[in-house]
Amino acid sequence: QVQLVESGGGLVQAGDSLRLSCTSSERTSISYGMAWFRQAPGKEREFVAAIGWSTDVTGYGDSVRGRFTITRDRAKKTVYLQMNSLKPEDTAAYYCARARSDGWTRTLNSYDYWGQGTQVTVSS
């Protein structure tokens with residue numbers, strides 16, 4: 001069973017930055033695409049960013065493109081989400097997810113393992 005553990009969430013002011021981390025418990029080198037999604041109260045889970053395994057090709061949701069950056073450290077089995085210029089509308093629980101392949105998509109059912117989530121709250 002793969003476990004994904006997120007960290008780095010918190011309460012910040014608009015314009016601040018945060019970096020989220022997601023570490024995998026897999027014993028072997030992870031060879032899957034990884035993504036971040038977020039979910040605000042009363043809203044559907046939303047694609048935020050993803051990164052492929054073999055090419056490191058990245059993708060972003062329209063609302064975060066240019067402000068957020070996803071990276072990965074294969075040796076540490078960790079994926080990061082650097083979030084800059086945070087806005088109150090970025091407030092949500094953020095989840096990392098492992099794709100079923102070495103690529104990624106924007107759809108929820110392309111991911112088979114999920115972390116427990118880390119809360120990000122941005123005050124105005």
Side-chain angles (χ1 to χ4, degrees):
Q1 182 75 8
V2 174
Q3 288 187 325
L4 303 175
V5 180
E6 301 106 331
S7 62
L11 172 63
V12 296
Q13 293 185 334
D16 286 351
S17 298
L18 274 178
R19 189 177 79 157
L20 306 183
S21 300
C22 171
T23 300
S24 171
S25 68
E26 287 185 276
R27 294 182 178 181
T28 58
S29 297
I30 55 175
S31 55
Y32 300 92
M34 297 292 293
W36 288 94
F37 288 78
R38 67 186 182 186
Q39 188 166 20
K43 295 187 176 181
E44 294 185 350
R45 195 164 292 192
E46 173 190 20
F47 172 79
V48 175
I51 186 167
W53 166 255
S54 56
T55 64
D56 277 348
V57 172
T58 58
Y60 297 91
D62 292 341
S63 61
V64 306
R65 187 175 294 112
R67 298 186 298 122
F68 291 11
T69 303
I70 186 170
T71 56
R72 71 191 305 165
D73 185 328
R74 291 179 176 81
K76 294 183 178 179
K77 302 177 185 177
T78 299
V79 176
Y80 303 97
L81 184 68
Q82 177 66 42
M83 306 186 295
N84 298 329
S85 302
L86 282 161
K87 304 175 181 180
E89 50 264 45
D90 294 318
T91 295
Y94 283 72
Y95 300 89
C96 74
R98 193 195 79 170
R100 300 178 189 274
S101 69
D102 64 356
W104 57 267
T105 76
R106 299 170 185 267
T107 58
L108 294 172
N109 61 12
S110 295
Y111 298 86
D112 53 1
Y113 290 100
W114 294 80
Q116 81 289 351
T118 185
Q119 180 67 35
V120 173
T121 303
V122 184
S123 63
S124 58

Disulfide (SG to SG under 2.5 Å): pairs with one or both residues in residues 49-82, sequence neighbours excluded: none
With sequence neighbours left out, which residue pairs that include part of residues 48-89 fulfil the disulfide (SG to SG under 2.5 Å) condition? none
Run the side chain to side chain contact (heavy atoms under 4.5 Å, CB included) test against [X] and tell me which residues pass, sequence neighbours left out.
X    : value
A92  : R38, A40, Y94
S101 : none
R106 : F47, R65, W104
Q82  : S17, R19, T69, N84

Shortest non-hydrogen contact from [X] to [Y]?
X    : Y   : value
L18  : G10 : CD1-N, 4.0 Å
T58  : I70 : CG2-CG2, 3.7 Å
V120 : G9  : CG2-CA, 4.1 Å
A49  : Y60 : CB-CD2, 3.6 Å

Can you tell me which residue pairs pass the salt bridge (charged side-chain N to carboxylate O under 4.0 Å, His left out) test with a partner in residues 107-116, sequence neighbours excluded? R98-D112
Walk me through it: do F68 and L86 pass the test side chain to side chain contact (heavy atoms under 4.5 Å, CB included)? CA-CA 9 Å; F68 291 11; L86 282 161; 3.8 Å; yes
Under the ring pair (Phe, Tyr, Trp, His ring centres under 6.0 Å) test, residues paired with Y111 that sit two or more places apart: F37
Would you compute the distance between atom [atom1] of [X] and atom [atom2] of [Y] and round it to the nearest 0.5 angstrom?
X   : Y    : atom1 : atom2 : answer
W36 : Y80  : CH2   : OH    : 10.5 Å
Q13 : S124 : CD    : OG    : 9.0 Å
R72 : D56  : CZ    : CG    : 6.5 Å

Not counting sequence neighbours, which residues clear side chain to side chain donor-acceptor pair (under 3.5 Å) with [X]? List them please.
X    : value
R45  : Q39
S110 : T105, T107
Q116 : E6

Are [X] and [Y] connected, step by step, through hydrophobic side chains (Ile, Leu, Val, Met, Phe, Trp, Tyr) whose heavy atoms are closer than 4.5 Å?
X    : Y    : result
L20  : W114 : no
V2   : V79  : yes
I51  : Y113 : yes
L108 : Y95  : yes

Answer yes or no: does atom CD of Q119 have more than 12 heavy-atom neighbours from other residues, nucleotides or ligands under 6.0 Å? yes
Check the side chains of T121 and T91 for a donor-acceptor pair under 3.5 angstrom, ignoring hydrogens and angles. no
Taking salt bridge (charged side-chain N to carboxylate O under 4.0 Å, His left out) as the definition, give me every residue that meets it alongside D102, ordered by chain and number, with sequence neighbours left out. none
Quick one, [X] and [Y] - any side-chain contact, counting heavy atoms below 4.5 Å?
X    : Y    : result
S7   : T118 : no
V122 : D16  : no
M34  : S24  : no
D90  : R67  : yes

